[in-house]
Structures are given as C-alpha cells and as structure tokens.
Amino acid sequence: MSARICVSILPKNTAEALKLIERAEEAQADFVEVRLDRLEESRNLHNLVKCTDLPLIATNKLQSERGFFLGNETQRQQTLLDAAKKGFEFVDVDFHSPKRNETIGLLQGLKVKTIVSYHNYERILSTSTMKKILDEQIELDASVCKIVLTAKQIEDNLPVLSFISFASTTAQLVCFCMGEAGKTSRILSPAFGAYFTFAALEKGGETAPGQMTIAEIQEAYRLLGIRQ
C-alpha cells in the first residue's frame, strides 16, 4: 500500500508559487495542488510546470466554494483551460459548476486529466448518496473522483472510510472529511484505498478546515507503519 500526499498551496503570484513548489518537493510531496484563485496573474503558469517533475493540479475556487476567485464561471473556466494548455497534469472541476460538462469535454480534448470534485462543508452523507455522486463522476469519465465531506464528530469518519474501502476499487478516489474531527480520515484514507490525501506545507498555510501539515501526516504514517 502506498500512501500519497498532495500538498495544496495558495500563492499570490508565480514567484511565490515557484518557491512553494520547491519546498513541497523538498518535503517529498507526491502531488502539488496550485490554487489559482488568489493568483494575481497567470501569464507564467508554464514556468510552474517547468520547475518540477511533480504532477501539478490546477484548482480555482469561487468565493461561494470557500475560495477567493472574484470572477464569474466563464472566467474561472478560462483560467483552468489556460493551466491545462500550459502543461498542468490535472485540472480540478467543481461537481456543481454550471459549466462542468463543457469544461470536462474541453479538458479531455486537451488530453488533460480531470478531477471532478464534490464538497460538502456542513456534514457527511449517507453511503447511498456518496455512491450516487461517485457514479455520476465515473459517468463523466473523471480521471480522479473527489468527494470531500465535513465531520462534526470523530465517529463521522467511520462510514467515509468504509465507503472508500469498496468504492476505491471502481475509481481513483480521493475522499475524506474536513474539520478538526475529520483528521482521522485525512490521515487514513490512503490506507483504505484513496488515491491520495491533502496536506498543507506548513502551519498557517492550510487551504481547508482541519488540514494537517505534510510533516504531521508523514509522522503519523511512520508511527502507524504505513509506507509512503
């Protein structure tokens, strides 16, 4: 079993992004998610791709999705397509985007891997509901299916981990719980079959509630005997 970690960064400009990607490499990340929603300009995205051998994921979150992008859906789509054309290996498409199907089709035409991501910032979902979302993501031919929920208590992690254990046999799945109570599934989801989990580069650099640092997750894997 291989436990992969994706470091998520939220740079203000490409110079900062280059430094953060270099540090993620030094920290032995397996992927880097570049959040584009705070980026002041995106003219030099190709420089980010050229600076690393790590797979880069382009994500652009609207304010309604707890992100920082001030543009509209068409502008967000254009930013993601630009990242794809500049060589990003993965592009994250929001499950609820009104341009979801159109964006996925354009990305697939560019031979870019798509991550179709569903987020629920309030609660976990029933197994049947998670299965329904996953089935729709698979129908969209997503390269990676992402389902991220919110744990209110530690017990909420259990049905999510159980879902991962069987659902990950049908798709490359990223699935865990956000929030302080969700740290168990953040750490253990790869052990149950998830494609990777997310981490911050350092304290203060979190891009989602309950996100741990890559060093903290790596230490947990060492203590638990989970191989990276």
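None of the values given here were measured: they were computed from a predicted structure. Positions are given from 1, in the same order as the sequence printed here.
In terms of the salt bridge (charged side-chain N to carboxylate O under 4.0 Å, His left out) criterion, Glu139 has no residue partners (sequence neighbours excluded). With sequence neighbours excluded, no residue forms a salt bridge (charged side-chain N to carboxylate O under 4.0 Å, His left out) with Arg123. Partners of Asp135 by side chain to side chain donor-acceptor pair (under 3.5 Å), not counting sequence neighbours, listed by chain and number: Lys131. For Lys99, the salt bridge (charged side-chain N to carboxylate O under 4.0 Å, His left out) criterion is met by Glu102, not counting sequence neighbours. Remark: Glu219 engages Arg222 in a side chain to side chain donor-acceptor pair (under 3.5 Å) (not counting sequence neighbours). For Glu22, there are no salt bridge (charged side-chain N to carboxylate O under 4.0 Å, His left out) partners at least two apart in sequence or on another chain. Under the ring-ring contact (aromatic ring centres under 6.0 Å, His included) criterion, Phe196 pairs with Phe31, Phe198, sequence neighbours left out.
Side-chain contact between Thr150 and Met178 is present, with heavy atoms from C-beta onward closer than 4.5 Å. You'll find the side chain of Ile147 reaches within 4.5 Å of the side chain of Gln137, heavy atoms only. In this structure, the side chains of Arg76 and Leu36 stay at 4.5 Å or more apart for every pair of heavy atoms. A 4.5 Å side-chain heavy-atom check between Val7 and Leu20 finds every atom pair outside the cut-off. The side-chain heavy atoms of His96 and His119, taken from C-beta on, include no pair separated by under 4.5 Å. In this structure the side chain of Ile187 never reaches within 4.5 angstrom of the side chain of Thr197, judged on heavy atoms. With contacts defined as side-chain heavy-atom distances shorter than 4.5 Å, the pair Thr184/Phe176 does not qualify. Residues Ile115 and Ile57 form a side-chain contact, since some pair of their non-hydrogen atoms from C-beta on lies under 4.5 Å apart.
Transitive grouping of hydrophobic side chains (ILVMFWY, heavy atoms separated by less than 4.5 Å) keeps Leu110 and Phe90 in distinct clusters. Two different hydrophobic clusters hold Val144 and Ile5 under the rule that ILVMFWY side chains link at heavy-atom gaps under 4.5 Å. Hydrophobic cluster membership differs between Val174 and Ile226, with clusters built from Ile, Leu, Val, Met, Phe, Trp and Tyr side chains linked at under 4.5 angstrom. Taking hydrophobic clusters as Ile, Leu, Val, Met, Phe, Trp and Tyr residues chained together by side-chain heavy-atom distances below 4.5 Å, Tyr195 does not share a cluster with Phe95. Under the 4.5 Å side-chain heavy-atom criterion for ILVMFWY residues, no single connected hydrophobic cluster contains both Val93 and Leu62.
Looking only at distances, a side-chain donor or acceptor of Gln218 sits under 3.5 Å from a matching main-chain atom of Ala27. Ser185 places a side-chain N or O within 3.5 Å of a backbone atom of Gly182 that can act as its donor or acceptor partner. Under a 3.5 Å cut-off, the side chain of Tyr121 and the backbone N or O of Glu65 do form a donor-acceptor pair. For Ser162 (side chain) and Leu158 (main-chain N/O), no donor-acceptor pair under 3.5 Å exists by modelled atom type. Under the 3.5 Å distance criterion, the side-chain polar atoms of Thr207 are left unmatched by any main-chain donor or acceptor of Ile9.
Identified under the ring-ring contact (aromatic ring centres under 6.0 Å, His included) test for residues 125-171, with sequence neighbours left out: Phe163-Phe166. Applying the salt bridge (Lys or Arg N to Asp or Glu O under 4.0 Å) definition to pairs two or more places apart or across chains, none involves residues 156-169. Residue pairs meeting the salt bridge (Lys or Arg N to Asp or Glu O under 4.0 Å) criterion with at least one partner in residues 209-218, sequence neighbours excluded, are Lys203-Glu216. Residue pairs meeting the salt bridge (Lys or Arg N to Asp or Glu O under 4.0 Å) criterion with at least one partner in residues 170-182, sequence neighbours excluded, are Glu180-Lys183. Sorted by first and then second residue, the ring-ring contact (aromatic ring centres under 6.0 Å, His included) pairs involving residues 37-69 (not counting sequence neighbours) form an empty list.
Contact detail for Asp37 and Thr59: the closest heavy-atom pair is OD1-O, 3.9 Å. Listed here is the closest heavy atom pair of Val116 and Ile104: CG2-CD1, 3.7 Å. Of all heavy-atom pairs spanning Val160 and Cys177, the tightest one is CG2-SG, 3.6 Å. Nearest heavy atom pair, residue Leu125 against residue Met130, reads O-CE, 3.7 Å. Between Val91 and Ala84 the shortest heavy-atom distance is CG2-CB, 4.0 Å. The shortest heavy-atom contact between Ile214 and Leu201 is CG2-O, 4.2 Å.
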When you look at Arg186 and Gln211, which way does the side chain to side chain contact (heavy atoms under 4.5 Å, CB included) test go after all the steps?
-> CA-CA 8 Å; Arg186 277 191 180 275; Gln211 198 172 74; 4.0 Å; yes
Residue pair Leu161, Ile164: steps toward the side chain to side chain contact (heavy atoms under 4.5 Å, CB included) verdict = CA-CA 5 Å; Leu161 291 172; Ile164 295 167; 4.2 Å; yes
Between Thr52 and Leu48, does a side chain to side chain contact (heavy atoms under 4.5 Å, CB included) hold up when you go through it step by step?
-> CA-CA 7 Å; Thr52 183; Leu48 306 187; over 6 Å; no
Taking it one step at a time, do Arg35 and Glu206 satisfy salt bridge (Lys or Arg N to Asp or Glu O under 4.0 Å)?
-> CA-CA 12 Å; Arg35 288 275 300 273; Glu206 299 87 353; over 6 Å; no
So Val34 and Leu39, side chain to side chain contact (heavy atoms under 4.5 Å, CB included) or not? Walk me through it.
-> CA-CA 10 Å; Val34 182; Leu39 210 59; 5.6 Å; no
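Note that CD1 of Ile133 is 11.5 Å distant from OG of Ser117, once rounded to the nearest 0.5 Å. With rounding to the nearest 0.5 angstrom, the CG atom of Leu56 is 10.0 Å from the CG atom of Leu45.
Look at Glu89 and Lys113 and you find a salt bridge, because one of the NZ, NE, NH1 or NH2 atoms lies within 4.0 Å of a carboxylate O, short of that distance. Ion pairing between Arg38 and Glu16 fails under the 4.0 Å rule for side-chain N and carboxylate O. Glu26 has no carboxylate O lying under 4.0 Å from a charged side-chain N of Lys19, or vice versa, which leaves the two without a salt bridge.
Around CD1 of Ile154, the count of heavy atoms belonging to other residues, nucleotides or ligands within 6.0 Å does not exceed 12.
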